Amino acid sequence: MNHNSIHWFRKGLRLHDNPALLAAMKDCAELYPIFILDPWFPKNMQVSVNRWRFLVEALKDLDENLKKINSRLFVVRGKPAEVFPVLFKKWKVTRLTFEVDTEPYSKQRDAEVEKMAAEHSVQVIQKVSNTLYDIDRIIAENNGKAPLTYVRLQTVLAPLGSPKRPAQAPTKNDMKECSTPWKSSYDGKYSIPTLEELGQDPEKLGPHLYPGGETEALSRLEIYMKRTRKHSHPPVSLHGQLLWREFFYTAGVGVPNFNKMEGNPVCVQVDWDNNKEHLKAWSEGRTGYPFIDAIMTQLRTEGWIHHLARHAVACFLTRGDLWISWEEGQKVFEELLLDADWSLNAGNWQWLSASAFFHQFFRVYSPVAFGKKTDKNGEYIKKYLPFLKKFPAEYIYEPWKAPRSLQERAGCIIGKDYPKPIVEHEVVRKKNIQRMKAAYARRSGSVDVGDKDLEGSKKKGVKRNAAKEQSVADLLKKAKFKKD
DNA sequence: ACGTCCGTTGTGACC
DNA sequence: CGGTCACAACGGACG
């Protein structure tokens with residue numbers, strides 16, 4: 001029984017730990033590894049040129065690794081629903097394999113393709129490899145709901161045991177009975193795209209610090225594992241980080257409207273402001289707070305920032321200072337982060353804005369004090385905002401406090417060469433805590449704690465009334481049954 | 001029902 | 001400098 005198989009690469013752009021690829025190669029006469037440039041993505045989100053480069057590099061690496069085992073990658077242009085019927089016929093396909101993808105658009109897309117495959121008598125094999133566990137299984141084990149705390153997730157995972165070990169990468173030997181036919185006419189049609197073809201301007205690229213692709217990723221992992229002598233424990237260890245990833249993936253599947261505030265049953269409904277100037281200043285690194293602006297500059301130019309730096313700017317945009325919706329921050333991160341991920345982005349923005357999972361909204365990151373803890377002299381700020389490099393440590397986090405004569409000597413006048421703070425942190429922080437308190441009170445069903453009640457009413461309202469409990473549970477259940 | 005404990009990483013004063 | 005505590009007080013899990 002010899003199959004003509006398409007393996008459809010989407011997220012897992014790799015040969016190792018790819019059970020769906022191995023399934024495609026079993027009893028296979030012709031193997032067609034494809035990646036689809038789906039116009040849905042650039043139509044529905046901003047994607048920076050740095051991110052495009054990262055993808056193109058990953059595709060190149062994938063193609064090279066496939067060539068080493070006598071295969072190669074076909075990059076197909078078009079909508080999946082339109083390209084598959086053509087490919088099924090053209091290549092006489094009998095089997096289609098791909099990795100399970102749990103994002104809302106992906107699920108809808110894959111369901112459509114699966115139906116189409118059935119119409120063409122093409123067998124479909126899906127394998128879990130983007131997450132450690134089968135996300136639907138985790139939800140089932142937790143009575144149909146996504147665990148809402150990390151401890152709860154650990155409890156649910158305990159009886160499931162360790163995740164499956166990663167599958168070995170296929171070798172030339174696995175391709176012995178199998179070929180990947182390539183015609184000269186395919187050269188332009190299915191080749192790796194250039195940035196120009198993708199409508200991107202290579203002039204706008206940042207420094208090349210994080211090459212994309214499986215080869216680079218594995219070598220970085222190896223270096224990391226060698227370097228790390230002392231291993232910490234979850235939740236802060238690497239292992240813990242993978243469980244957090246699993247946590248947010250589970251929430252992304254189990255919580256309806258997970259990337260939005262409205263219609264999202266775990267998200268506190270907050271009366272965020274709509275201040276376009278402030279949003280723009282934040283996203284372009286012009287808030288007047290050097291620590292925040294340095295982070296946003298690194299993000300925009302290099303495409304990666306430290307986990308805690310993400311915390312600092314996320315808190316600043318939302319509940320800490322600017323009182324702008326986390327959905328706006330989510331869009332900016334989606335555009336700029338090389339490691340942007342739908343579930344993690346939505347989950348962490350809700351966390352940092354104290355909209356879900358994390359609720360101690362009175363703990364606010366200071367745009368001045370937080371960075372100082374680990375970088376007293378502001379070396380990080382000086383690297384990304386070099387025009388501030390002549391400010392002494394005393395003023396580097398708060399340059400507007402420096403005497404005029406010092407600003408002149410440093411060659412940077414605050415308010416002219418670099419902005420004054422767009423908000424006064426100590427003032428807005430207090431006001432925002434009260435606004436959060438009011439938002440939480442409204443959620444708990446209190447009737448008369450409104451925006452104007454910013455003095456901190458002692459009234460607790462009707463705590464966690466039955467109506468609210470019902471509606472959350474109902475929404476979560478509905479999400480579950482819709483699938484069945 | 002209700003109380004209690006805990007929660008990946010806050011800040012600033014104080015000793 | 002490092003540890004401790006008040007600040008003001010949240011939701012989720014569990015007994």
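Protein chains get the first letters and strands the later ones, always in sequence-line order, with residue 1 at the start of each. The structure displayed is predicted, hence computed values, not measured ones.
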**Prompt:** Under a 4.0 Å N-O cut-off, is there an ion pair linking A:Arg220 with A:Glu216?
**Reply:** yes

**Asked** Rounding to a whole Å, what distance do you find between A:Arg442:CZ and C:dC10:P?
**Response** 15 Å

**Asked** Please give, in whole Å, the distance from B:dT11 C1' to A:Glu398 CD?
**Response** 14 Å

**Asked** Regarding A:Asp110 and A:Tyr105, is there a side-chain donor-to-acceptor distance under 3.5 Å anywhere?
**Response** no

**Prompt:** Any side-chain donor-acceptor pair under 3.5 Å between A:Tyr289 and A:Asp321?
**Reply:** no

**Asked** Salt bridge check: are A:Asp61 and A:Arg14 linked by an N-O gap of less than 4.0 Å?
**Response** no

**Item:** Whole-Å C1' distance, B:dT11 and C:dG11
**Value:** 22 Å

Detail all sub-3.5 Å separations between protein N/O atoms and N/O atoms belonging to nucleotides 3-6 of chain B.
none

**Residues A:Glu103, A:Lys11: salt bridge by 4.0 Å N-O rule** = yes

**Request:** Please identify each residue that fulfils side chain to side chain contact (heavy atoms under 4.5 Å, CB included) with A:Lys204, with sequence neighbours left out.
**Result:** A:Val49, A:Asp201

**Fill in**
Residues passing the side chain to side chain donor-acceptor pair (under 3.5 Å) test with A:Asn257, sequence neighbours excluded, are none

**Message:** Just the rounded figure in Å: distance from P of C:dG12 to CD of A:Gln154.
**Reply:** 18 Å

**Asked** Between A:Asp293 and A:Arg300, does at least one N-O distance fall below 4.0 Å, as a salt bridge requires?
**Response** no

**Request:** For A:Lys430, answer base if it contacts any base atom (sugar-phosphate contacts may also be present), sugar-phosphate if it contacts only those atoms, and nothing otherwise; contact means non-hydrogen atoms under 4.0 Å.
**Result:** nothing

**Item:** Rounded distance in Å - NZ (A:Lys431) to P (C:dA8)
**Value:** 20 Å

**Complete:** Exactly one of A:Glu398, A:Lys382, A:Arg409, A:Gln407 clears side chain to side chain contact (heavy atoms under 4.5 Å, CB included) with A:Phe391, and that residue is A:Gln407

**Request:** Tell me, please, whether A:Trp282 has A:Arg286 positioned over its six-membered ring: NZ or CZ under 6.0 Å from the ring centre and within 45 degrees of its axis?
**Result:** no

**Watson-Crick or G-U stems involving DNA chain C, each at least 3 pairs long, distances under 3.5 Å, ordered by first number** = B:2-7 with C:10-15, B:10-15 with C:2-7

**Prompt:** Would a distance-only check, ignoring hydrogens and angles, find a side-chain to backbone donor-acceptor pair under 3.5 Å from A:Glu334 to A:Ala340?
**Reply:** no

**C:dA8 versus B:dC6 - spacing of their P atoms, nearest Å** = 23 Å

**Message:** Can you classify the ring geometry of A:Tyr440 versus A:His359 as parallel (below 30°), tilted (30 to 60°) or perpendicular (above 60°)?
**Reply:** perpendicular

**Message:** Between B:dC5 and C:dA9, how far apart are the two C1' atoms, rounded to whole Å?
**Reply:** 14 Å

**Request:** Name every residue in residues 304-314 of chain A that has at least one heavy atom under 4.0 Å from any atom of DNA chain B, in order of residue number, or write none if there are no such residues.
**Result:** A:His307, A:Leu308, A:His311

**Request:** Send over the distance from A:Leu352 CG to B:dG7 P, rounded to a whole Å.
**Result:** 18 Å

**Message:** In this structure, how many angstroms lie between the P atom of B:dG10 and the CG atom of A:Asp321, rounded?
**Reply:** 16 Å

**Complete:** When rounded to whole Å, the NZ to P distance for the pair A:Lys373 and C:dG2 reads 13 Å

**Asked** Should the ring pair A:Trp244 and A:Phe247 be called parallel, tilted or perpendicular, given that the plane angle runs from 0 to 90° and is split at 30 and 60?
**Response** perpendicular

**Message:** Below 4.0 angstrom, which residues in residues 353-371 of chain A have at least one non-hydrogen atom near DNA chain B?
**Reply:** A:Gln360, A:Arg363, A:Val364, A:Tyr365, A:Ser366, A:Ala369, A:Phe370

**Prompt:** So does A:Lys331 pair up with A:Glu327, basic N to acidic O under 4.0 Å?
**Reply:** no

**Prompt:** Looking at C:dC14, B:dT8, C:dG12, which one has an atom nearest to any side-chain atom of A:Leu148?
**Reply:** C:dG12

**Item:** Whole-angstrom distance between C:dA6 and B:dT8, as gauged at atom C1'
**Value:** 23 Å

**Request:** Measure from NZ on A:Lys437 to C1' on C:dC7 and round the result to the nearest Å.
**Result:** 13 Å

